[in-house]
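Shown next, in structure tokens, is the structure this report addresses.
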Amino acid sequence: MKTVVPARSAWSAVIPEGGTLTITDLHGNQAVDFLVYDAHDTAVRYSAPDTIQAQGGIFLTTGSVLMSGEHTPLMTVTADDVGRHDTVGGACSKESNTLRYGHHTWSQHACVDNFLAEGAKYGLGKRDLVSNINWYMNVPVEQDGTLGIVDGISAPGLSLTLRADRDVLVLVSNCPQINNPCNGFDPTPVEMTIGAGA
């Protein structure tokens, strides 16, 4: 099942254990903010610290396992055309936009808005939002430990595929950010493909 998620929009789905989700960057240089929960117990959810600790690095690629706060696997990256995705940059919000780019950005739509609206369909609220993954976002770590948000390393048509290691609920914000290069200053659509798995 294929779905094109418009620029700046939210999307969600339950992926059954063994099923796959392929995220395709249709036009290139588009960040896709991503959260994942156990579909039967949303208190079991993606944990950036557990994921980073388990794989020994902050970037995700083929073979990376998305771990829960219980240190159990939720999803595994089985294919990746890009080779490096961000775990530390977080989701844009009205508050972070204002802090980083000025008060005139307060009214701009942000990923946190998308996550809250989409999560509400499943009874999730602000307390259920945790540090997220940013597929396709290029966030290098400088020598002094500071983070950059720079031009992406993706290109039109590149994709990554995740396998569900249990029944999972996935929330996506197709990032609306226009104040930094994470979307090339021009948010574009992405495609979600749910597969039955092996």
Side-chain angles (χ1 to χ4, degrees), residues 1-16 18-37 46 59-64 66 74-93 96-97 101 105 108-119 121 129 131-140 148-164 168-198:
M1 181 180 82
K2 290 180 186 278
T3 304
V4 173
V5 181
R8 302 179 173 87
S9 297
W11 178 87
S12 61
V14 173
I15 315 293
T20 61
L21 173 63
T22 299
I23 304 171
T24 304
D25 188 2
L26 294 174
H27 298 274
N29 214 20
Q30 174 61 38
V32 179
D33 290 43
F34 182 95
L35 288 170
V36 58
Y37 304 79
Y46 171 72
F59 299 113
L60 302 177
T61 188
T62 305
S64 296
L66 311 185
L74 294 166
M75 302 186 87
T76 300
V77 181
T78 59
D80 177 18
D81 292 338
V82 176
R84 194 176 83 181
H85 304 267
D86 170 59
T87 60
V88 295
C92 59
S93 66
S96 66
N97 281 345
Y101 309 114
T105 65
Q108 293 176 0
H109 193 59
C111 285
V112 168
D113 301 321
N114 277 343
F115 281 144
L116 289 173
E118 200 66 22
K121 299 176 183 178
L129 299 189
S131 296
N132 60 287
I133 296 165
N134 295 304
W135 301 118
Y136 302 109
M137 192 161 142
N138 189 12
V139 183
I149 298 176
V150 299
D151 281 340
I153 54 176
S154 183
L158 297 188
S159 67
L160 65 98
T161 299
L162 299 139
R163 181 191 67 239
V168 293
L169 166 64
V170 167
L171 299 184
V172 162
S173 172
N174 191 20
C175 184
Q177 182 62 256
I178 57 172
N179 301 293
N180 70 48
C182 72
N183 301 319
F185 301 101
D186 182 23
T188 53
V190 295
E191 184 179 76
M192 304 291 169
T193 305
I194 298 175

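Because the structure is a prediction, the values reported are computed rather than measured. This chain uses plain numbering: 1 for the first residue, then up along the sequence.
- Of the options S9, S12, S173, a side chain to side chain donor-acceptor pair (under 3.5 Å) to E118 is made by S12 and by none of the others.
- With sequence neighbours left out, the side chain to side chain contact (heavy atoms under 4.5 Å, CB included) criterion links T193 to K2, T22, E191.
- A donor-acceptor pair under 3.5 Å links the side-chain atoms of N114 to the main chain of R8, judged by distance alone.
- In terms of the side chain to side chain donor-acceptor pair (under 3.5 Å) criterion, T62 has no residue partners (sequence neighbours excluded).
- Scored by the side chain to side chain contact (heavy atoms under 4.5 Å, CB included) test, A117 finds no partners at all (sequence neighbours excluded).
- Shown here are the side chain to side chain donor-acceptor pair (under 3.5 Å) partners of T76, two or more places apart in sequence or in another chain: R163, D165.
- Between F59 and H85, the distance from one ring center to the other does not fall under 6.0 angstrom.
- Taking every heavy atom of both residues into account, V36 and V170 meet most closely at CG2-CG2, 4.1 Å.
- At least one side-chain heavy atom of L129 sits less than 4.5 Å from a side-chain heavy atom of L116.
- D86 is linked by a side chain to side chain donor-acceptor pair (under 3.5 Å) to N134, counting only residues two or more places apart in sequence or in another chain.
- In this structure, the ring-ring contact (aromatic ring centres under 6.0 Å, His included) partners of F34, at least two apart in sequence or on a different chain, are W135.
- A donor-acceptor pair under 3.5 Å links the side-chain atoms of D81 to the main chain of S159, judged by distance alone.
- Between S154 and V82, the shortest heavy-atom contact is OG-CG2, 3.9 Å.
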